[in-house]
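Take a look at the structure set out below.
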Amino acid sequence: MIEIVEAVVLARQFNRELLGKLIVEGGQGNSRHKFAFVSGSAEEYAAILPGKVIGEASDHGSVIKVGLEADYVLLLGEGGERIRYHRDASTLPNKYQFWLAFEDGGYLTVSIQGWGATMLLPADQADAHNLMQPGRVSPLSAAFTRDYFESLYGQLAPEDKSSLKAFMITKPKVWGVGNGYLQDILFRAGMHPRRKVVSLSAAERDVLYEATVETLRTAVELGGRDTEFDLFDQPGGYVKLLDARSVGQPCVNCETPIQKESYMGGTVYFCPQCQKL
Ligand SMILES: [Zn+2]
């Protein structure tokens with residue numbers, strides 16, 4: 001699943017490797033399914049794409065916006081997309097939900113596991129699209145200050161029952177953070193995923209803010225998680241502190257075995273000693 005860090009890494013690669021490439025053909029791929037979200041018919045995609053040129057790419061939460069000059073954009077992300085560049089046809093995957101062929105013989109494919117989006121939109125409509133979540137603040141930007149983070153708590157009623165997991169990734173949520181990075185943020189903060197948000201002291205809210213920024217910035221520096229892949233099918237260098245591989249392994253701080261639990265439609269991992277409920 002693409003989260004904000006992977007969106008940053010992929011957008012940078014688009015700008016470095018694909019900017020200016022001329023599209024000669026493209027479309028919705030050879031394997032459509034109902035959770036591969038599109039913005040129009042296969043015929044529309046096939047008609048719009050030829051002749052477009054890859055423009056600037058940017059990250060928006062877990063979404064990657066790619067310019068298709070002169071007047072369209074492609075929105076990818078917020079799901080289980082594998083986005084890959086191919087120097088020639090020899091490495092094309094068997095199934096893909098979106099593809100581009102470039103004048104120089106290269107290809108781009110998007111294969112969607114679970115759900116995901118490949119939206120082709122007129123450029124002047126893209127920023128208002130609900131995938132872009134207009135008005136949100138990236139936790140990797142200078143605007144993600146301690147005061148901004150505090151304003152997220154301000155959206156909760158005093159008797160709010162939300163857990164830390166719900167607060168961080170559902171509502172109000174830190175933009176672009178999902179169940180992947182959540183585990184490491186809460187481990188760094190020493191907080192249990194099921195703990196009530198309103199129980200945090202001001203000092204603990206400081207700690208959670210610092211853990212959020214540190215986790216995401218560190219992961220960007222390392223090129224994203226080692227379980228996610230870049231345009232060239234290479235894994236990132238960020239090894240998560242807690243994930244499926246950690247269960248039963250000793251906590252790096254206290255050596256208590258790491259536990260997992262099903263919670264809110266996903267799995268949470270935690271140290272029962274360092275992250276008390
Ligand atoms: Zn521990």
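We count residues from 1, following the sequence as given.
In this structure, the side chains of Leu18 and Leu231 come closer than 4.5 Å at one or more pairs of heavy atoms. Contact of the Ile258 side chain with the Cys251 side chain is registered, since non-hydrogen atoms from C-beta on lie closer than 4.5 Å. Counting heavy atoms from C-beta outward, Phe232 and Arg87 have side chains that approach closer than 4.5 Å. The side-chain heavy atoms of Lys165 and Leu182, taken from C-beta on, include a pair separated by under 4.5 Å. The side-chain heavy atoms of Leu49 and Phe98, taken from C-beta on, include a pair separated by under 4.5 Å. Considering only heavy atoms from C-beta on, Leu242 comes within 4.5 Å of Gln275 through its side chain. At least one side-chain heavy atom of Ile112 sits less than 4.5 Å from a side-chain heavy atom of Thr118.
The ring-ring contact (aromatic ring centres under 6.0 Å, His included) analysis of residues 36-55, with sequence neighbours excluded, yields no pairs. Pairs engaging residues 127-155 under the ring-ring contact (aromatic ring centres under 6.0 Å, His included) rule: Phe144-Tyr148, Phe144-Phe149, Phe144-Tyr209, Phe149-Tyr153, Phe149-Tyr209, Tyr153-Phe167 [sequence neighbours left out].
Atom SG of Cys271 sits about 13.0 Å away from atom CD of Gln249, to the nearest 0.5 Å.
Ring planes of Tyr85 and Phe102: tilted class, angle from 30 to 60°.
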Should Asp226 and Arg245 be marked as a salt bridge (Lys or Arg N to Asp or Glu O under 4.0 Å) after you check the CA-CA gap, both sets of side-chain angles, and the distance that decides it?
-> CA-CA 12 Å; Asp226 70 339; Arg245 298 169 290 191; 3.0 Å; yes

Verify salt bridge (Lys or Arg N to Asp or Glu O under 4.0 Å) between Arg82 and Asp233, making sure each step is shown before the conclusion.
-> CA-CA 9 Å; Arg82 283 287 295 278; Asp233 218 20; 2.4 Å; yes

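Scanning all heavy atoms of the two residues, the minimum distance from Ala7 to Ile2 falls at N-CG2, 3.9 Å.
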